[in-house]
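Working notes for the structure below.
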There are 2 protein chains.
Amino acid sequence: MRMTSQRSIILDEIRKTHAHPTADEVYVLVRRRLPRVSLATVYRNLDVLTRAGLIRTVELGGCPRRYDGRVDDHIHVRCLECGRVDDVADALLARARSRVEKVSGYSISGHHLEFAGVCPDCQRRARGRRRRKNAES
Amino acid sequence: MRMTSQRSIILDEIRKTHAHPTADEVYVLVRRRLPRVSLATVYRNLDVLTRAGLIRTVELGGCPRRYDGRVDDHIHVRCLECGRVDDVADALLARARSRVEKVSGYSISGHHLEFAGVCPDCQRRARGRRRRKNAES
DNA sequence: CATGCGAATGATAACCGCTATCGGAACGGC
DNA sequence: GCCGTTCCGATAGCGGTTATCATTCGCATG
Ligand SMILES: [Mn+2]
Ligand SMILES: [Mn+2]
Ligand SMILES: [Zn+2]
Ligand SMILES: [Zn+2]
């Protein structure tokens, strides 16, 4: 794998943020430093970097993929209001995995756990809206 | 919600199988009993039935949605070789959920856990292939 | 330093699962 | 039977992703 300037800038941007950007968002970030880059190059390299184990691809059912500079095991929690994705450390997962392996007979090589709900910011916003609404009524 | 013949046949087929079929696969099943049904009707009703809580939509990152007649909480395990999806009962999940809620500050309303690996059938097939290969070399 | 070859890039077309749209049919309360 | 509402079938459109292909780049080698 050649480390071209495009590739290393894409890797750098992914590692710099903790926001789990989509391919489009990575494209925007990378274009600030490399205005002539192609979206195809971004997709290609996100894939190459994932297969090289340098980043993680985060598959979120029903919405565009996101990419993650953290490659250690962790859980994602997604906000149903604003779409942000945050990290949560986990320990139970290893236990669950071995249990699933035993019960199902599968040889497990990976998992994908995502909780969905409303993030603290959006909860606050919602409380604000409710209060304002009550006040005016 | 009217229970049309299309709708009830779609529900029946979903409930009858344990294979977690995709929309296309449901379409094939339903056409055997209703040859003039439209794929749009299948998609529409899979959505309506999900929102009515009669079936579950299973989002599997990176591959088409599947549908499930089981509506109780359970985990899915997917085979990376053949794509089949099996059920696994779970208890740890509730504990993990409340922990994630506390740590992240999110108000959690759902989750999505999927393990991926190789199913027993495919493991057997792979062992067979290896044995044959060794024998001929 | 010139040469050559495989890998990577940029531009863009194609793909695929899904959703929206729309005219017409079916349902069901009256 | 009439009429508003819901649903249907057919099909066009959409969005994220992948494939294609001509061109350029990186780099080993002479
Ligand atoms: Mn993460
Ligand atoms: Mn299931
Ligand atoms: Zn939020
Ligand atoms: Zn299998």
Side-chain angles (χ1 to χ4, degrees), chain A residues 1-14 19-52 54-68 76 78 83-85 112 114, chain B residues 1-14 19-52 54-68 76 78 80 83 85 112 114:
Chain A
M1 189 188 68
R2 285 186 195 158
M3 189 50 71
T4 61
S5 63
Q6 289 92 335
R7 190 160 290 166
S8 76
I9 287 174
I10 289 167
L11 176 58
D12 184 59
E13 289 297 334
I14 291 281
H20 304 91
T22 62
D24 269 325
E25 290 164 352
V26 174
Y27 183 45
V28 170
L29 292 172
V30 170
R31 256 192 312 187
R32 296 188 317 204
R33 298 164 62 180
L34 218 65
R36 311 206 38 126
V37 77
S38 158
L39 179 57
T41 299
V42 171
Y43 271 106
R44 245 192 322 260
N45 282 306
L46 289 171
D47 186 46
V48 169
L49 292 169
T50 296
R51 279 188 282 118
L54 296 172
I55 64 172
R56 277 273 160 80
T57 297
V58 183
E59 303 272 10
L60 301 166
C63 55
R65 287 180 193 147
R66 293 173 173 274
Y67 299 89
D68 195 343
H76 288 123
R78 170 160 61 111
R84 68 181 286 175
V85 173
H112 167 58
E114 181 209 334
Chain B
M1 190 187 68
R2 285 186 196 158
M3 189 49 72
T4 62
S5 64
Q6 289 92 335
R7 191 160 290 166
S8 76
I9 287 174
I10 289 167
L11 177 56
D12 184 58
E13 289 295 336
I14 291 281
H20 304 89
T22 62
D24 269 325
E25 290 163 354
V26 174
Y27 183 45
V28 170
L29 293 170
V30 170
R31 257 191 311 186
R32 297 186 318 203
R33 300 164 61 181
L34 218 65
R36 312 205 37 125
V37 75
S38 156
L39 178 58
T41 299
V42 172
Y43 272 108
R44 241 190 326 258
N45 282 306
L46 290 172
D47 186 45
V48 169
L49 292 169
T50 297
R51 279 188 282 119
L54 297 172
I55 64 172
R56 277 273 161 82
T57 298
V58 183
E59 303 272 8
L60 300 165
C63 55
R65 286 178 195 152
R66 292 170 173 276
Y67 298 89
D68 194 344
H76 289 122
R78 170 161 60 112
L80 297 170
V85 174
H112 167 58
E114 179 209 336

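Convention: sequence-line order gives letters A, B, ...; per-chain numbering from 1. Owing to the predicted nature of the structure, the values given are computational and were not obtained by experimental measurement.
Looking at which nucleotide of DNA chain D each of A/Ser5 and A/Asp47 is closest to, the 5′-most match is held by A/Asp47.
For the pair B/Leu60 CG and C/dC16 C1', the computed distance is 16 Å after rounding to whole Å. B/Leu39 places its CG atom 11 Å from the C1' atom of C/dT19, with the value rounded to the nearest Å. Between the P atom of C/dT9 and the CG atom of A/Leu34 lies a distance of 10 Å, rounded to the nearest Å. At whole-Å resolution of the value, CZ in B/Arg51 and C1' in D/dC7 are 13 Å apart. Atom-to-atom, OH of B/Tyr27 to C1' of D/dT11 comes out at 12 Å; the value is rounded to the nearest Å. A/Glu59 has its CD atom 14 Å from the P atom of D/dG16, to the nearest Å. Spacing between atom CE of B/Met3 and atom P of C/dG28 amounts to 12 Å, rounded to whole angstrom units. B/Asn45 places its CG atom 15 Å from the P atom of C/dC18, with the value rounded to the nearest Å.
Contacts of A/Arg44 with the nucleic acid, taken as non-hydrogen atoms under 4.0 Å apart, include base atoms.
Across D/dG16, C/dG10, C/dC18, the shortest atom-to-atom separation from the side chain of A/Asp24 is found for D/dG16. Here the nucleotide nearest the side chain of B/Arg7, chosen from D/dC7, C/dG10, C/dT9, is D/dC7. The A/Met1 side chain lies nearest to C/dA8 when the options are D/dT17, C/dA8, D/dC7.
Scanning all heavy atoms of the two residues, the minimum distance from B/Cys63 to B/Arg78 falls at SG-NH1, 3.5 Å. Nearest heavy atoms, A/Leu60 versus A/Val85: CD1-CG2, 3.9 Å.
Between A/Gln6 and D/dC25 there is no side-chain N or O to OP1 or OP2 distance below 4.0 Å. Applying the 4.0 Å criterion to OP1 and OP2 of C/dC16, one finds that B/Arg65 has every side-chain N and O outside that range. The side chain of B/Arg36 contributes no N or O atom lying less than 4.0 Å from OP1 or OP2 of D/dC8. Contact check, A/Tyr43 against D/dT18: no side-chain N or O comes under 4.0 Å of OP1 or OP2. In terms of phosphate contacts, B/Thr4 brings a side-chain nitrogen or oxygen within less than 4.0 Å of OP1 or OP2 of D/dC8.
Between A/Arg66 and A/Glu59 there is no salt bridge, since none of the side-chain N atoms of the basic residue sits less than 4.0 Å from a carboxylate O of the acidic one.
For B/Arg31 and B/Tyr27, the positive end sits near the middle of the six-membered ring, less than 6.0 Å away and at most 45° from its axis.
Contact annotation: side chain of B/Arg2 to base of C/dC27, donor-acceptor pair present below 3.5 Å.
By the 4.5 Å heavy-atom criterion applied to side chains, A/Arg7 and A/Met1 are counted as neighbours.
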